[in-house]
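All values derive from a computational prediction rather than experimental measurement. Each chain gets a letter, A, B and so on, in the order its sequence line appears, and its residues count up from 1.
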2 protein chains.
Amino acid sequence: MRVSTRGEYGVRAMFDLAVNFGQGPIALKTIAERQMVSESYLEQLMAELRKAGLVHSKRGAQGGYELADKPANVSIGEIIRVLEGPITPVDCLDTETERGPYCGTPERCVLRNFWKELQDSMTKVLDNTTLEDLRQDACRLEVAE
Amino acid sequence: MRVSTRGEYGVRAMFDLAVNFGQGPIALKTIAERQMVSESYLEQLMAELRKAGLVHSKRGAQGGYELADKPANVSIGEIIRVLEGPITPVDCLDTETERGPYCGTPERCVLRNFWKELQDSMTKVLDNTTLEDLRQDACRLEVAE
DNA sequence: TTCAATTCCTACCTATTTAGTGGGAAATGA
DNA sequence: TCATTTCCCACTAAATAGGTAGGAATTGAA
C-alpha cells in the first residue's frame, strides 16, 4: 500500500518545478539537490515524465526541465500513473491491462466491489489535488513563518 | 499503490471464514480450493494471522481455522496491517517505525500533508469495512440471483 | 491403538522489482 | 570552442514477491 520512491521522488521534482514555474528551465542538478534525491536516478524518472508529456526539456547550457502546463492543470494522479502505473489496489480492477474486470465467482466479486471502493477513495484524492494546490500550501507555510 | 497477493489472499481467506463463521474449524485445504490460491503459500499467511490473534486454529483430523472473533469485529484494515505492514503511502508518515514523522524542510512537509490526506482516505475505507459487511454483501448477491 | 487428516515449522528457491551507478554521445548558450 | 546540460544505454546489488518441499507434532475417528 505504498508509493515507491519513483512516485515519491517524481512528485517532489514536479512540485519543485511548480514552485519555480515561469522562471525558465530548471537544471536536473538543481532539482536533485533541492529535493535531496539521486541525480541520475531522477534523470530516468524525468525521462518518463517527458515522454508522457508532463514536462518539457531543453538541452545544453542553461537547459533544464519545466512543466509542460500550468501547475493547476497537473494532478498528482497523473504523475503517479506515469511513474507507478495504474492506481489500482488489485489487478482485477485494472481495465488498462488485459487482466480484465471479471473475477468469476460471486464471492470474489464482493471483494472486487470493496477494492473498487478503496480505489475510488484513492483516486479522488490523487486526481483532485493539483500541483497548484501544493504550491499554494507551500506559500502559506512561508508566510506563516 | 497495490496490495500484494499476501493481502489479497489473506482477505479472501478471512472472508471465506466469515461466510462460514460458526460452523467449526475450516481446513486450509478447503479455503485454498474455494479461493483458488496456493495451499502452502496460504498456510504461511494463516500462520501470521494466527500469531496476530485474528484466527484460531485446531490441529489434527477435523481441524482447521476459524475467526477468533465475530465478523463484525474484524476490519479489513486489521488483516492488511498484519500481512502488509502499516498502511502508509510514504515512509515519513509511518509513526510505527523509527523513520519518524519529521521531514526537515517545509517544502517536503507540504507533501507530507498531502500524503497524509491520501492515507486518511485509505484507512477510512479499510478500517470502516468489516468482514460482516462483506458477508452481508455476499448474501445479498446470492438472493438476487 | 492405529492411521489418516491436519496444522506447524523451517528451509529453500526463482523471478521481478527497486533503487540506484556509470559512461559517453548529442545539443546548446556564452 | 567549451563548459553545461540533457539523452541514452548498459549494468548491478539488494530486497521483495510468490511461491515449493519436507517433515514433525497433534488429533479425531475407526
### Message
What contact category does A:K58 fall into here, base, sugar-phosphate, or nothing, at under 4.0 angstrom with non-hydrogen atoms?
### Response
sugar-phosphate

### Message
For a quick test of reading the model: is some side-chain N or O of A:S40 closer than 4.0 Å to OP1 or OP2 of C:dT21?
### Response
yes

### Task
Only one of B:L42, B:L17, B:T30, B:I26 passes side chain to side chain contact (heavy atoms under 4.5 Å, CB included) with B:Y65; say which it is.
B:L17

#### Entry: Whole-Å gap separating C1' (C:dA5) and CD (B:E43)
13 Å

### Query
Between the side chains of B:S38 and B:Y9, does any donor sit under 3.5 Å from an acceptor?
no

### Message
Reading DNA chain C from 5' onward, which residue's closest nucleotide shows up sooner: B:A47 or A:R6?
### Response
B:A47

### Spacing between A:R2 atom CZ and D:dA17 atom P, to the nearest angstrom
10 Å

### Task
Specify the residue among A:Q62 and A:R50 whose closest nucleotide of DNA chain D lies further upstream toward the 5′ end.
A:Q62

### Query
Of the candidate nucleotides C:dA11, C:dG29, D:dT6, which contains the atom at the shortest distance from the side chain of B:Q44?
C:dA11

### Message
On the nucleotide C:dA19, are OP1 or OP2 found under 4.0 Å from the side-chain N or O atoms that A:T5 carries?
### Response
yes

### First encountered from the 5' end of DNA chain C, between A:E39 and B:A61
B:A61

### Query
Choosing from C:dC8, C:dA5, D:dG18, which nucleotide comes nearest the side chain of B:Y41?
D:dG18

### Message
Does D:dC7 have OP1 or OP2 under 4.0 Å away from a side-chain N or O of A:Y65?
### Response
yes

### Message
Ignoring hydrogens, what is the shortest heavy-atom contact between B:E66 and B:P25? Give both atom names and the distance.
### Response
OE1-N, 3.9 Å

### Whole-Å gap separating P (C:dT7) and NE2 (B:H56)
15 Å

### Task
Select one nucleotide: of C:dC8, C:dC9, C:dT28, the one nearest the side-chain heavy atoms of B:K51.
C:dC9

### Message
Whole angstroms only, please: what is the CD-C1' distance between A:E84 and C:dA19?
### Response
12 Å

### B:R59 side-chain proximity, nearest of D:dT6, C:dT7, C:dA5
C:dT7

### Query
With the threshold set at 4.0 Å, does a side-chain nitrogen-carboxylate oxygen contact exist between A:D120 and A:K116?
yes

### Task
Tell me which nucleotide among D:dT6, C:dC9, D:dG19 gets nearest to the side chain of A:L28.
D:dT6

### Query
Rounded to whole angstroms, how far apart are CE on A:M1 and P on D:dT16?
17 Å

### Query
For the side chain of B:A27, counting heavy atoms from C-beta on, which of C:dT7, C:dC9, D:dT6 is nearest?
C:dT7

### Task
Among the candidates C:dA19, D:dC7, D:dT20, find the nucleotide nearest to the side-chain atoms of A:S57.
D:dC7

### Task
Using distance alone, with no hydrogens and no angle criterion, decide if A:Q44 and A:E48 have a side-chain donor and acceptor under 3.5 Å apart.
no

### Message
Given C:dA11, C:dA19, D:dG18, identify the nucleotide with an atom nearest to the side chain of A:S4.
### Response
C:dA19

